[in-house]
2 protein chains.
Amino acid sequence: MRTEGRAKRLPRAVRERQIMDAAVDVFSRLGFHAASMDEISEVAGISKPMLYAYLGSKDELFATCIRREATRMMEAIATGVEPDQEPDVQLWSGLRAFFGFVGENRASWMVLHRQASTQGGPFAVELTDMRGRAVSLVAALLTQSTKAPATKLEAESLAAALVGAGESLADWWLDHPEEPAGVVAARLMNLVWMGFGDLVDGNVWHPPSRR
Amino acid sequence: MRTEGRAKRLPRAVRERQIMDAAVDVFSRLGFHAASMDEISEVAGISKPMLYAYLGSKDELFATCIRREATRMMEAIATGVEPDQEPDVQLWSGLRAFFGFVGENRASWMVLHRQASTQGGPFAVELTDMRGRAVSLVAALLTQSTKAPATKLEAESLAAALVGAGESLADWWLDHPEEPAGVVAARLMNLVWMGFGDLVDGNVWHPPSRR
DNA sequence: GAGTAGTCTTACTCGCGAGTAGGTACCAGG
DNA sequence: CCTGGTACCTACTCGCGAGTAAGACTACTC
């Protein structure tokens, strides 16, 4: 009668992965507060004391989730971006990588951004850190490409606005999942590169040919 | 010995206002789940049963808060926008009104957007409704001003992107309160009207003279 | 001043969820 | 076969917070 069901006696490293996956899933579905350690342990196929033994308290577990998912995302973007290209192409590849990641990891994005940004306290720190890395990246892109003598501060704040727009558009996308990633990315690309001023005149930006 | 302290025996309408104010305050400071009805009643200077008698359950109270603050904000924007002007000026006045409201009502914005967007369920409905009104407004602006034969759908999605950018930039602003409202509004205006493509060439948008 | 409608309180119940005590099953090496 | 260590469990404690019961106090009316 126990042919299936409980996989038994796995090494610690494996269990920790399972637990983290379950935690990200539950946190993203229910939110930090509404998520219970009982539910997480159940989804992970494990009992609560194991959870506490391996990952510590609820707060520690959540912080660990944020760190892991933030790292995954930044790596995905770093992999996807194409350096040594024209600024617009770099931005485009970065946006595609970003929305690609969010699209394939909705749970990650939820736990990462939506939840962490509404729980004050120590969690916001992890988020701020990741956002800071993203902003620096965009700011560098702008500084290197600008022809006008823009101050470093101006570039930073514009980068922050763009990153904010990307974050929000990704949030919005969660509520409109029918749109494909490329369309959403292209929309933001056009918005921030061309601006409405050009768009209402019919001038659109498009990627440079095929590859 | 009772010269001050409890204000006594106020009519229902007044109490309801006090309670709503307290609720918005507490919800925005602590978040929906962490906010307790005990704390709200204490801040309102009232006992818990009164709270339940007048505003119903915690969920009902929260939904009522969202509705009230959403209405306040939409009215502020409608008042601030200048119709019968060039599209960019209309957009500019709308953005100024929006960021002006958020700046003077940080608590409202928090309870309205940050909290409501992370609690799933019935609350999201109120938000979606308000966002829908804002999007329609912007979409109309775009449609009326566009020279290219843009589809209604294209305008709608661009409007959604802009509204999303505004929402996110307002969220971001909460974490960077040192910036003045006008600067943030101008930043978004430049971003969405001119685009990075122009900005890196030194072409900026600026309001048409003084008034 | 007796009735009654509305304001307001103290003092509970009760369930849920974080965290734990105190084990049991299984697998090394001796 | 014992000894220890690691994976794993059932079954609790305990506080917090949503929601309520039952009544007290005030004010206004006839």
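Below, read A as the first sequence line, B as the second, and so on, with proteins coming before strands; counting in each chain starts at 1. Predicted model only: the values in this text are computed from it and were never measured.
Contact annotation: side chain of A:R9 to base of C:dC27, donor-acceptor pair absent below 3.5 Å.
Listed pair B:R15 / C:dG6 fails the phosphate criterion, with no side-chain N or O lying under 4.0 Å from OP1 or OP2. Under 4.0 angstrom from either OP1 or OP2 of C:dT7 there lies at least one side-chain N or O belonging to B:Y54.
Evaluation of the salt bridge (Lys or Arg N to Asp or Glu O under 4.0 Å) test over residues 157-167 of chain A, restricted to residues two or more places apart or in two chains, returns A:R131-A:E167.
Separating the CD atom of B:Q18 from the C1' atom of C:dC8 is a distance of 13 Å, rounded to the nearest angstrom. Atom CD1 in A:I46 sits about 6 Å away from atom P in D:dC8, given to the nearest Å. To the nearest angstrom, C1' of D:dT6 lies 14 Å from CD of A:E16. Summarising the geometry, the separation between CG on A:L10 and C1' on C:dA25 is reported as 15 Å, rounded to the nearest angstrom.
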### Query
Which parts of nucleotides 14-22 of chain C does protein reach within less than 4.0 Å, heavy atoms only, written one letter per nucleotide 5' to 3' as B for base, S for sugar-phosphate only and - for none?
---SBBBB-
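Contacts of B:R17 classified as salt bridge (Lys or Arg N to Asp or Glu O under 4.0 Å), with partners at least two apart in sequence or in another chain: none. In terms of the side chain to side chain donor-acceptor pair (under 3.5 Å) criterion, residue partners of A:R12 (sequence neighbours excluded) are, by chain and number, A:E16. With sequence neighbours excluded, no residue forms a salt bridge (Lys or Arg N to Asp or Glu O under 4.0 Å) with A:R106.
With salt bridges taken as basic N to acidic carboxylate O contacts below 4.0 Å, none links B:K48 and B:E39.
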Going by atom type alone, with no hydrogens or angles, which donor-acceptor pairs under 3.5 Å involve a side-chain atom of residues 74-81 of chain B and a protein atom two or more places apart or on another chain?
unit_1: B:T79; atom_1: OG1; unit_2: B:E75; atom_2: O; d: 2.7

Donor-acceptor pairs are to be reported for all side-chain atoms of residues 88-103 of chain A against protein atoms at under 3.5 Å, with residues two or more places apart or in another chain.
unit_1: A:D88; atom_1: OD2; unit_2: A:W205; atom_2: NE1; d: 3.1
unit_1: A:Q90; atom_1: NE2; unit_2: A:Q85; atom_2: O; d: 3.1
unit_1: A:S93; atom_1: OG; unit_2: A:E82; atom_2: N; d: 3.3
unit_1: A:S93; atom_1: OG; unit_2: A:V89; atom_2: O; d: 3.1
unit_1: A:S93; atom_1: OG; unit_2: A:Q90; atom_2: O; d: 2.8

Expected list for residues 49-58 of chain A: side-chain donor-acceptor pairs under 3.5 angstrom, two or more places apart:
unit_1: A:S57; atom_1: OG; unit_2: A:E60; atom_2: N; d: 3.3
unit_1: A:S57; atom_1: OG; unit_2: A:E60; atom_2: OE2; d: 3.4
unit_1: A:K58; atom_1: NZ; unit_2: A:F32; atom_2: O; d: 3.0
unit_1: A:K58; atom_1: NZ; unit_2: A:H33; atom_2: O; d: 3.4
unit_1: A:K58; atom_1: NZ; unit_2: A:A35; atom_2: O; d: 2.8

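Defining each end axis of the helix from C:dG1-D:dC30 to C:dG30-D:dC1 as the rotation carrying four pairs' C1' atoms onto the next four, with five pairs an end, the two axes are found to diverge by 10° to 10 degrees.
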